[in-house]
Number of protein chains: 2
Amino acid sequence: MKALIVHAHPEPKSFNRAMRDVAEATLADMGHEVTVSDLHAMGFNPVSSAEDFGSRRDPDHMSYGLEQRHNWKAGTLAPEIAGEVEKLLAADFVLLVFPLFWFSTPAILKGWFDRVLLSGVFYGGRRVYDRGPMQGKRAMVATTLGGRDTMFGDNAVHPDLRNVLLPVERGTLQYIGMEVLPHFAAWHVPYVDDATRRKYLEDFEAHLRTLDTLEPLPRPTLDDFDDNFMPIQR
Amino acid sequence: MKALIVHAHPEPKSFNRAMRDVAEATLADMGHEVTVSDLHAMGFNPVSSAEDFGSRRDPDHMSYGLEQRHNWKAGTLAPEIAGEVEKLLAADFVLLVFPLFWFSTPAILKGWFDRVLLSGVFYGGRRVYDRGPMQGKRAMVATTLGGRDTMFGDNAVHPDLRNVLLPVERGTLQYIGMEVLPHFAAWHVPYVDDATRRKYLEDFEAHLRTLDTLEPLPRPTLDDFDDNFMPIQR
């Protein structure tokens, strides 16, 4: 299996980086071929702009998704984007490793979604969710938080982490067709002791080793919706 | 009232830009003092990194939030960040105008949250939600989507837009203490006719003119949680 780790943390000595290192070693030890996109180390530019396109379908008015389609076909996408598209198309398993910033990914990873997940290639028309182009492939989120686990949940001060991650897990990974496996979260990271951090890394390794038996999150099926995405009455 | 519009769209001829222009004109006509942060025009850098800090609390290991606190006090934050912090602190009303990319803000706006919403200034400890530093101030999301309104909701193919916007409305704007007013969404924008677009702009103007009577979204109160953020049994 080919695994792609997309990593977004600016500090190489961070615990988040240690999680990425554990993932890389564990997936390799399981016999998988591992590629890492370390977005900070690559100096990845997260800003969608006209500079992403070496040619233009409409030089006068940039519609980002339409130019993505045009430039992919023409082979004129910015090389930084085309390289990431190729890595993602080749991957059977995608692991996102990032610290939770403002209930979401850091901007550098958000921009990887914005620029790499090309319209027409990773989604289009009814080719979303269980009909998405990445069907048969799997993904997982691994994240670090400052908050405690007791701070997230239905009766907690913050919503359940699943609801917090909805734009990433459902609106991005499931949207393009991937099966999303349960996330791994390391809580209260800046405040816990070394033994707890070591335990997190052990638990994360164990979580990854169960990859093939983890039950994917539920997702919508396009069978339930007509060509206008209206629910089909049964 | 001082209004800050934060705008994130790369195409000056876009409908999203027309929404920003309507907001700017309407708020000014209502007698408010309007400032615009046009992130693309500013060339705003959304990537959190060590380059944000002119001095370091810990030169050897960058903890982003701790360095934000240190550099704010020392007056050594990158000028691009400090300028946005001052604009935000001065604002009574903040309007975010952006296209929905991957169930979220474009990366350039996500990075504005990551870099500008300083730890210690906009949140810290129990100073979140109704005890957040921005209490008494209001915010609103105005967004454009490719999807139809019927595609978002409890029985629709995608979740309700309120759930999609949870990281922004609750996890960011409410988190720092702001009252969040109901969002405005323009649906199916690339596919609708000019009459529909004009109607959206009229409706958006009307929405903004009711600013003072709109009921803010519900938010948690810290009164319900103890010092460890555990629910208080009553």
Side-chain angles (χ1 to χ4, degrees), chain A residues 10-11 13-14 39-40 43-50 60-66 99-115 117 128-129 146-148 150-151 155-159 163-168 170-172 175 190 220 222 224-225 228-231, chain B residues 10-11 13-14 39-40 43-50 60-66 99-115 117 128-129 146-148 150-151 155-159 163-168 170-172 175 190 220 222 224-225 228-231:
Chain A
E11 172 54 63
K13 293 173 187 164
S14 65
L39 301 183
H40 281 277
F44 186 80
N45 168 23
V47 180
S48 301
S49 81
D60 192 47
H61 185 129
M62 183 185 66
S63 174
Y64 196 74
L66 294 177
L100 199 75
F101 284 3
W102 297 105
F103 282 34
S104 180
T105 64
I108 199 168
L109 178 54
K110 180 55 176 51
W112 190 87
F113 301 158
D114 293 348
R115 296 175 75 222
L117 303 182
V128 297
Y129 295 131
R148 303 168 197 261
T150 52
M151 291 165 67
N155 297 308
V157 68
H158 304 310
N163 296 328
V164 171
L165 290 173
L166 179 145
V168 179
R170 178 158 172 181
T172 307
Y175 191 91
L222 269 285
D224 292 340
F225 298 91
N228 289 318
F229 290 95
M230 296 301 288
Chain B
E11 172 54 62
K13 293 173 187 162
S14 64
L39 301 183
H40 281 277
F44 186 80
N45 167 23
V47 179
S48 301
S49 81
D60 192 48
H61 185 129
M62 184 184 66
S63 174
Y64 196 74
L66 295 177
L100 199 74
F101 283 3
W102 297 105
F103 283 33
S104 181
T105 65
I108 199 169
L109 177 54
K110 181 55 175 53
W112 190 88
F113 301 158
D114 294 347
R115 296 176 75 223
L117 303 183
V128 297
Y129 295 130
R148 303 168 197 262
T150 51
M151 290 166 68
N155 296 309
V157 68
H158 304 310
N163 297 328
V164 170
L165 291 173
L166 179 144
V168 180
R170 178 158 171 181
T172 306
Y175 191 91
L222 269 286
D224 292 340
F225 298 91
N228 289 319
F229 291 94
M230 295 301 288

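Chain identifiers are assigned alphabetically (A, B, ...) following the order of the sequence lines, protein sequences preceding nucleic acid strands; residue numbering begins at 1 within each chain. Quick caveat: nothing in here was measured; it's all calculated off a predicted structure.
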(message) Could you work out, with side chain to side chain donor-acceptor pair (under 3.5 Å) as the rule, every residue matching B:H158, not counting sequence neighbours?
(response) A:Y129

(request) For A:R170 and B:A156, work out which heavy atoms get closest and say how close. (result) NH2-O, 4.4 Å

(request) Could you tell me which portion of B:L39 (side chain, backbone, both or neither) has an atom closer than 4.5 angstrom to a non-hydrogen atom of chain A? (result) neither

(message) I'd like to know which of A:V157, A:I108, A:V47, A:N155 tops the heavy-atom pair count under 4.5 Å against chain B.
(response) A:V157

(request) Hey, could you give me the OG/NE2 distance between B:S14 and A:H61, rounded to the nearest 0.5 Å? (result) 6.0 Å

(request) Can you see which heavy atom on B:P46 is nearest to which on A:A107, and at what distance? (result) O-CB, 3.3 Å

(message) So, taking the atom named CE in A:M62 and the one named CD in B:E11, what distance separates them when rounded to the nearest 0.5 Å?
(response) 6.0 Å

(request) Measure distances from B:P231 to the heavy atoms of chain A and classify the residue's part below 4.5 Å as side chain, backbone, both or neither. (result) side chain

(request) Side chain from CB out, backbone as N, CA, C, O: work out which of these in A:L66 comes under 4.5 Å of a heavy atom of chain B, or both, or neither. (result) neither

(request) Would you mind telling me which of B:V164, B:L165, B:L117 has the largest number of heavy-atom pairs within less than 4.5 Å of chain A? (result) B:L117

(request) With sequence neighbours excluded, tell me which residues meet side chain to side chain donor-acceptor pair (under 3.5 Å) with B:D60. (result) A:K13

(message) Working to the nearest 0.5 angstrom, can you tell me the gap between A:R148 CZ and B:N228 CG?
(response) 5.0 Å

(message) Report which part of A:P220 has an atom under 4.5 Å of a heavy atom belonging to chain B: side chain, backbone, both, or neither.
(response) side chain

(request) Could you tell me which non-hydrogen atom of B:S48 sits nearest to which non-hydrogen atom of A:P10, and how far apart they are? (result) O-CB, 3.7 Å

(message) Counting heavy-atom pairs closer than 4.5 Å to chain B, which one of A:F101, A:F44, A:W112 comes out on top?
(response) A:F101

(message) Just so I understand: if I count every heavy-atom pair under 4.5 Å between each of B:S63, B:P106, B:G65, B:S49 and chain A, which residue has the most?
(response) B:P106

(message) Measuring from atom CZ of A:F103 to atom CZ of B:F113, what distance do you get when rounded to the nearest 0.5 angstrom?
(response) 12.5 Å

(request) To the nearest 0.5 angstrom, please state how far the OG1 atom of B:T150 sits from the CE atom of A:M230. (result) 5.0 Å

(request) Work out which heavy atom in A:P167 is nearest to a heavy atom in B:P167; give both atom names and the distance. (result) CG-CG, 3.9 Å

(message) At a heavy-atom distance under 4.5 Å, which candidate from A:A50, A:P190, A:P159 has the highest pair count against chain B?
(response) A:P159

(message) Return the CG to OG distance between A:L166 and B:S104, rounded to the nearest 0.5 Å.
(response) 11.0 Å

